[in-house]
A.B. asks: 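Submitted below is the structure of interest, expressed as structure tokens.
Order of listing sets the numbers, starting from 1, for every ligand and every atom in it. FYI, the numbering just counts along the sequence from 1. These numbers come from a predicted model, not from an experiment. The figures that follow rest on heavy atoms only: side chains count, while hydrogens, waters and symmetry mates do not.
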Amino acid sequence: MHTIIGTWKMSYPALQEANALLAAGAPADEAVVEAIVRVEDNPNYTSVGYGGLPNRDGHVTLDAAFMDGRTLRCGAVICVEDVRNPIRAARLLCGRPENCVLAGRGAEQFARHAGLPMRDMRTEAGMRRWRERVSGLETPLDAYRGHDTVCVLAVDGSGRMAAGTSTSGLFMKEAGRVGDTPLIGSGFYCDMRYGAAAATGMGEDIMRGCLSYEIVSQMRRGASPQDACEEAVRMLAEHMQGLGETGDNISVIALSPDGRCGAATTLATFPFAVGRPASTTLYAAYGDRSPVRAVAPDEVEGEC
Ligand code: GLY
């Protein structure tokens with residue numbers, strides 16, 4: 001039986017389509033990539049792909065990664081501009097024995113040579129927000145609340161697993177800044193023997209706990225995806241709080257090889273979607289650790 005899980009409300013319509021692909025026999029890697037492409041192509045999502053908000057210099061720079069749960073190979077592109085679908089570049093790089101993580105100009109060159117579509121990823125709306133911000137007061141960097149990284153994990157009917165992530169990172173980030181999204185073990189991890197996990201939120205905090213690897217490690221030791229997510233987030237957040245920090249923008253999802261899902265967050269509410277043969281459903285996890293539950297789209301924040 002297949003299962004697919006994705007972060008935020010923005011993944012909900014994408015997962016409905018990817019769920020239909022899986023039901024028609026598509027492999028996990030295709031379902032993950034197609035779901036993320038749909039999010040990347042939508043300019044209403046200002047934290048991913050086309051229409052992502054610019055960095056401090058007015059450039060939209062994108063990060064994406066893909067991991068194959070059978071081979072443990074991964075591919076990633078970091079700080080790319082003008083690549084229409086960074087996840088497709090990451091997918092193509094996955095499987096290479098070397099040169100599988102490319103940054104900046106080299107990654108763009110790779111995408112161009114591979115024949116991937118290129119486009120100016122800036123939108124008028126995104127540039128307007130950038131102009132407003134640069135002409136106003138300096139405000140602290142803040143991860144998007146209600147959007148951030150699109151992360152998708154899937155297991156297909158044959159048991160193959162894959163993970164993918166894509167983001168434009170923080171609005172007004174410094175040129176060259178990289179978050180957790182393209183970093184294996186922090187933003188994503190997938191080992192089809194034990195499960196897959198991915199993270200979204202403040203990349204600088206997520207990296208400190210190598211959260212995705214931590215969750216899969218706990219699943220390897222027998223934890224359920226839900227318990228592994230809760231424990232990994234609790235450990236990191238409590239440590240940060242002990243240091244006088246908030247750790248208040250960390251959310252994770254996980255999937256086991258037999259299709260069980262997990263999610264945890266330090267936000268008040270973290271929406272995520274799950275597709276199974278019978279249906280695709282929107283859920284929310286809660287920072288106060290009240291139980292995960294199915295929600296209607298208008299109950300939670302964010303574009304859909
Ligand atoms: N989680 C995305 C980032 O920090 O860039």
A.B. asks: Pairs of nitrogen or oxygen atoms closer than 3.5 Å, one from Asp148 and one from ligand 1: do any exist?
C.D. replies: yes
A.B. asks: With a heavy-atom distance limit of 4.0 Å, tell me whether Arg177 approaches ligand 1 through its side chain, its backbone, both, or neither.
C.D. replies: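 Contact part for Arg177 vs ligand 1: side chain (C-beta onward).
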A.B. asks: If you measure every N or O of Thr167 against every N or O of ligand 1, does any of those distances drop under 3.5 Å?
C.D. replies: no
A.B. asks: What atoms in ligand 1 come closer than 4.0 Å to a heavy atom of Thr149?
C.D. replies: 1 (N), 2 (C)
A.B. asks: Please identify each residue that fulfils side chain to side chain contact (heavy atoms under 4.5 Å, CB included) with Ala65, with sequence neighbours left out.
C.D. replies: Ala76, Thr165, Phe188
A.B. asks: Can you sort out which atoms of ligand 1 are near Thr181, meaning under 4.0 Å from one of its heavy atoms?
C.D. replies: 1 (N), 2 (C)
A.B. asks: Fit a plane to each ring of Tyr213 and Tyr189, take the angle between them on a 0 to 90° scale, and name the class: parallel (under 30°), tilted (30 to 60°) or perpendicular (over 60°).
C.D. replies: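 Aromatic pair Tyr213/Tyr189 classed perpendicular.
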A.B. asks: Nearest 0.5 Å, what's the CG-CG distance between Leu62 and Asn55?
C.D. replies: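 One gets 10.0 Å once the value is rounded to the nearest 0.5 Å.
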A.B. asks: Restricting to ring-ring contact (aromatic ring centres under 6.0 Å, His included), what partner residues turn up for Tyr194, sequence neighbours left out?
C.D. replies: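 Once residues adjacent in sequence are excluded, Tyr194 has no partner under the ring-ring contact (aromatic ring centres under 6.0 Å, His included) criterion.
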A.B. asks: Give the C-alpha distance, both sets of side-chain angles, the deciding distance and a yes or no for side chain to side chain donor-acceptor pair (under 3.5 Å) between Ser251 and Thr265.
C.D. replies: CA-CA 4 Å; Ser251 302; Thr265 187; 2.7 Å; yes
A.B. asks: Compute the shortest N/O to N/O distance between Gly201 and ligand 1 and return yes if it is under 3.5 Å, no if not.
C.D. replies: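 Right, the criterion is met.
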A.B. asks: So, is Gly203 polar-close to ligand 1, with some N/O to N/O distance under 3.5 Å?
C.D. replies: yes
A.B. asks: Looking only at N/O atoms, are Asp180 and ligand 1 under 3.5 Å apart anywhere?
C.D. replies: yes
A.B. asks: Between Glu108 and Arg105, is there a salt bridge with N-O shorter than 4.0 Å?
C.D. replies: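 Looking at Arg105 and Glu108, the cut-off is not met.
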A.B. asks: Show the atoms of ligand 1 that are less than 4.0 angstrom away from any heavy atom in Gly169.
C.D. replies: 5 (O)
A.B. asks: With rounding to the nearest 0.5 Å, note down the distance linking OH in Tyr50 to CG in Asn44.
C.D. replies: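 Reported to 0.5 Å precision, the distance equals 10.5 Å.
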